[in-house]
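Below, chain A is the first sequence line, B the second, and so on; all start at residue 1.
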Number of protein chains: 2
Amino acid sequence: MSTPMPTPERSPLDLPEGDPFGPHNLPYGVFSTADEPDRRRLGVRIGAYVLDAGAAAHALGSPYATLLDQPGLNPLLAAGRTAWRDVRRALTGWVTVPAHRPVVEPLLHPLDAVTLHLPYEVADYVDFYASEHHATNVGHIFRPDGDALTPNWKHLPIGYHGRAGTVVVSGTDVVRPAGQRKTPADPAPVFGPSVKLDIEAEVGFLVGTPSEMGRPVGLGDFREHVFGLTLLNDWSARDIQAWEYVPLGPFLGKSFQTSVSAWVTPLEALDAARVAPPARDFELQPYLDDSGEDELGGFDLRISVAINGEVVAEPPFSTMYWTAAQQLAHMTVNGASLRTGDLYGSGTVSGPEVGQRGSLLELTWNGRDPIDLEGGKRTFLEDGDEVTMTAWAPGPDGTRVALGEVTGRIAPNAG
Amino acid sequence: MSTPMPTPERSPLDLPEGDPFGPHNLPYGVFSTADEPDRRRLGVRIGAYVLDAGAAAHALGSPYATLLDQPGLNPLLAAGRTAWRDVRRALTGWVTVPAHRPVVEPLLHPLDAVTLHLPYEVADYVDFYASEHHATNVGHIFRPDGDALTPNWKHLPIGYHGRAGTVVVSGTDVVRPAGQRKTPADPAPVFGPSVKLDIEAEVGFLVGTPSEMGRPVGLGDFREHVFGLTLLNDWSARDIQAWEYVPLGPFLGKSFQTSVSAWVTPLEALDAARVAPPARDFELQPYLDDSGEDELGGFDLRISVAINGEVVAEPPFSTMYWTAAQQLAHMTVNGASLRTGDLYGSGTVSGPEVGQRGSLLELTWNGRDPIDLEGGKRTFLEDGDEVTMTAWAPGPDGTRVALGEVTGRIAPNAG
């Protein structure tokens with residue numbers, strides 16, 4: 001009897017052609033395994049696997065072992081742009097050079113066998129309001145008798161601080177928040193679980209390199225400070241927000257939870273996705289005027305929003321009026337400093353078409369026009385609904401770069 | 001010849017009668033000394049000295065040595081209310097029991113020989129708007145044709161998130177912020193250093209014990225979570241704020257800097273200062289209704305605000321409409337969690353009298369009525385001005401409890 005030759009097992013590094021999580025992508029995350037649930041490790045996604053980055057760095061004698069053998073991303077964030085570039089170059093080699101395979105392959109964990117965690121400690125969280133289509137829609141809905149855009153809107157990127165302590169990783173349930181609401185028809189405020197629980201499809205930008213108080217960060221220094229980006233769902237209780245937000249802005253209508261992807265995509269992976277922002281309608285103050293910048297300010301990210309698996313919107317990030325570099329310049333022009341781990345959201349991404357709106361507020365026109373899903377009509381979210389955002393962008397040489405998803409399921413308010 | 005008997009040196013622990021930093025007070029701070037400038041140590045203020053709390057705990061064999069031998073207050077904050085009480089009791093003994101003097105006295109550092117630091121790491125920073133007199137004044141100034149108070153004002157404590165990363169310790173210069181402003185007379189926004197730089201006299205509340213997401217903190221649990229309080233100056237650029245704040249609230253008009261005292265006064269030191277808040281005009285939602293609470297919600301703190309040494313206002317904290325316990329309950333009623341180091345400001349403290357207004361916006365009615373100082377008239381702050389807030393409250397047995405001052409000097413924008 002002859003033993004048949006074993007079929008050579010396919011390596012996790014032999015990716016399907018066009019895999020959007022190929023070596024041109026390499027987002028960072030933090031994972032733990034079932035046998036060591038309390039040991040968080042920095043990892044890099046490749047295909048459907050996560051590479052234990054610290055273990056690989058040690059095994060390959062990398063000078064970056066100290067930065068990578070960490071329970072979180074903050075040390076690498078703080079290390080600055082040169083380190084970001086060099087580490088990425090090293091990682092690319094580890095997953096592409098055939099000679100490294102015997103070392104690297106045993107350090108790959110299938111994604112479905114690990115737990116993913118929030119990969120960084122959030123310092124300050126800021127949320128912007130940078131889509132003209134979104135702001136116009138919201139203006140028409142909430143202030144039907146006034147101008148859709150406030151007079152300041154095209155002169156500065158409007159933003160506000162949110163709650164850093166309730167930024168959570170994708171997959172965390174969203175407990176329906178309770179709070180006060182009052183419609184014009186109510187004689188007095190009513191208290192109870194929100195009846196207008198909504199999503200906001202956004203992109204978050206993660207700051208690595210800090211800045212000093214009193215020293216504004218100019219448009220051209222965006223890449224010195226921002227490490228990468230991540231999908232972000234700014235869950236919003238529209239009824240709580242509507243009653244509370246005049247005059248000091250959103251508070252409890254937002255602060256219950258903000259979900260971010262478990263993966264941070266380095267800016268370098270998106271070099272092929274840079275596009276010019278829309279034409280500006282007004283001359284901008286010099287600190288915001290990006291007409292002379294070498295680098296295009298926009299990102300051609302195609303976002304998809306699904307409720308219970310059914311796509312309800314495809315917001316195009318390329319249509320955003322204000323860029324992430326402008327937002328960073330604005331945020332610091334008054335002398336406010338940046339810290340490692342600062343996170344800022346783009347604001348809801350909505351395009352000009354109905355099917356490109358990044359919130360149910362807009363998609364259903366504040367509940368007036370329900371949308372039809374297989375599971376029934378929806379105005380706002382119902383308990384048990386699961387919302388998932390994904391996105392991709394053009395990569396080098398015709399490839400696609402996928403962003404890691406952000407998902408969350410609505411849990412009832414136990415009251 | 002006979003040598004005269006040496007005069008026994010007076011002990012730093014022999015305080016002048018009525019010293020408001022006596023053993024009934026004992027606020028916490030963090031200091032370093034000239035010979036070890038990089039070694040931050042937790043300290044407790046007694047009179048004009050700071051006790052090296054960790055060194056004292058070790059020398060006296062205290063079980064709290066680990067909590068106190070720290071470079072900051074966060075471990076003690078996280079230890080919870082029982083530890084706070086027990087540590088305070090121990091400290092009181094160390095500075096009052098004569099037998100401890102030989103151990104304790106060498107561990108006292110004169111305040112003028114140490115550097116004080118921000119004593120805690122701020123997690124999230126929230127600012128409220130809880131003085132009816134302040135909100136009414138601001139409403140009259142900014143919305144002269146409308147109702148002074150927005151319809152929600154007496155139904156919920158309005159608040160918003162601020163920038164935690166720019167909370168700094170008393171004594172830090174305030175660089176005049178630059179930004180956009182636009183008065184109705186300006187055809188387009190103007191950029192430059194703020195010409196309406198202002199103060200806001202506030203009291204900050206510091207959270208020790210965290211809470212879980214999805215679990216609101218009730219009114220009765222205030223003392224389980226809040227460790228103590230501190231004076232806070234919420235520096236505000238009124239011109240930047242006026243142009244940016246509709247519709248999402250204050251952002252760059254506030255985020256450049258917030259100054260807090262170097263001292264945190266434990267809640268227990270203020271037991272004799274608790275007072276009832278003003279009568280409420282509307283029935284409150286149950287989560288805010290404090291009419292049945294055992295503990296009085298207000299604090300009888302008498303604040304004093306001086307510019308270049310001249311008192312310009314004496315805002316009475318006892319007049320605040322919303323209490324710190326109500327603010328905490330509101331902040332978490334939507335399920336938002338608390339973290340150790342969360343800091344929330346009361347909002348500007350203004351009383352009913354002109355001389356009790358806690359901002360120059362109100363004191364000068366937005367610049368219309370300059371105030372006379374020895375150094376000249378003021379509408380808003382000029383470069384070089386130094387603003388100092390102090391406060392005291394009734395203590396036990398007719399004593400006074402002083403809060404540590406918060407001070408800051410305006411530095412020019414080098415722009």
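Among B/Asn413, B/Asp127, B/Val333, B/Val175, the residue with the largest count of heavy-atom pairs under 4.5 Å with chain A is B/Val333. When the candidates A/Ala123, A/Pro177, A/Ala178 are compared by the number of heavy-atom contacts under 4.5 Å with chain B, A/Ala178 comes out ahead. Between chain B and the residues A/Pro286, A/Pro247, A/Ala411, the largest count of heavy-atom pairs under 4.5 Å involves A/Pro247. Between chain A and the options B/Gly335, B/Gly159, B/Pro210, the largest number of non-hydrogen pairs under 4.5 Å is found for B/Gly159. In terms of heavy-atom pairs under 4.5 angstrom with chain A, the leader among B/Val122, B/Ile158, B/Leu156 is B/Leu156.
With A/Ser236 contributing its side chain and A/Asp234 its backbone, the two residues share a donor-acceptor pair below 3.5 Å.
Heavy-atom distances place the side chain of B/Asp342, and not its backbone, under 4.5 Å from chain A. Using a 4.5 Å cut-off between heavy atoms, A/Pro151 touches chain B through backbone and side chain atoms alike. Proximity to chain A is limited to the side chain of B/Tyr287, based on heavy atoms less than 4.5 angstrom apart. Contact of A/Asp124 with chain B is made through the side chain alone, with heavy-atom distances under 4.5 Å. Using a 4.5 Å cut-off between heavy atoms, B/Arg176 makes no contact with chain A at all. Proximity to chain B (any heavy atom under 4.5 Å) is shown, for A/Leu149, by neither the backbone nor the side chain. Residue contact with chain B, scored on non-hydrogen atoms closer than 4.5 Å, involves the backbone and the side chain of A/Ser337 alike. With a threshold of 4.5 angstrom between heavy atoms, B/Thr150 approaches chain A through side-chain atoms but not through N, CA, C or O. Using a 4.5 Å cut-off between heavy atoms, B/Leu338 contacts chain A through both its backbone and its side chain.
Side-chain atoms of A/Val207 and A/Leu328, non-hydrogen and from C-beta on, do get closer than 4.5 Å to each other.
Looking only at atom types and distance, the side chain of A/Gln180 has a donor-acceptor partner in the side chain of A/Trp243 under 3.5 Å away.
Interface residues of residues 188-196 of chain B toward chain A, defined by a heavy-atom distance below 4.5 Å and sorted by number: B/Pro189, B/Val190, B/Phe191.
With a 6.0 Å cutoff to the six-membered ring centre and a 45° limit on the axis angle, A/Arg163 does not count as a cation-pi contact of A/Tyr125.
Between A/Gln327 and A/Ala130, the closest heavy-atom pair is NE2-CB, 3.2 Å.
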CA sep, side-chain torsions, deciding dist, call: A/His161, B/Tyr160, ring pair (Phe, Tyr, Trp, His ring centres under 6.0 Å): CA-CA 8 Å; A/His161 285 87; B/Tyr160 65 99; 8.8 Å; no
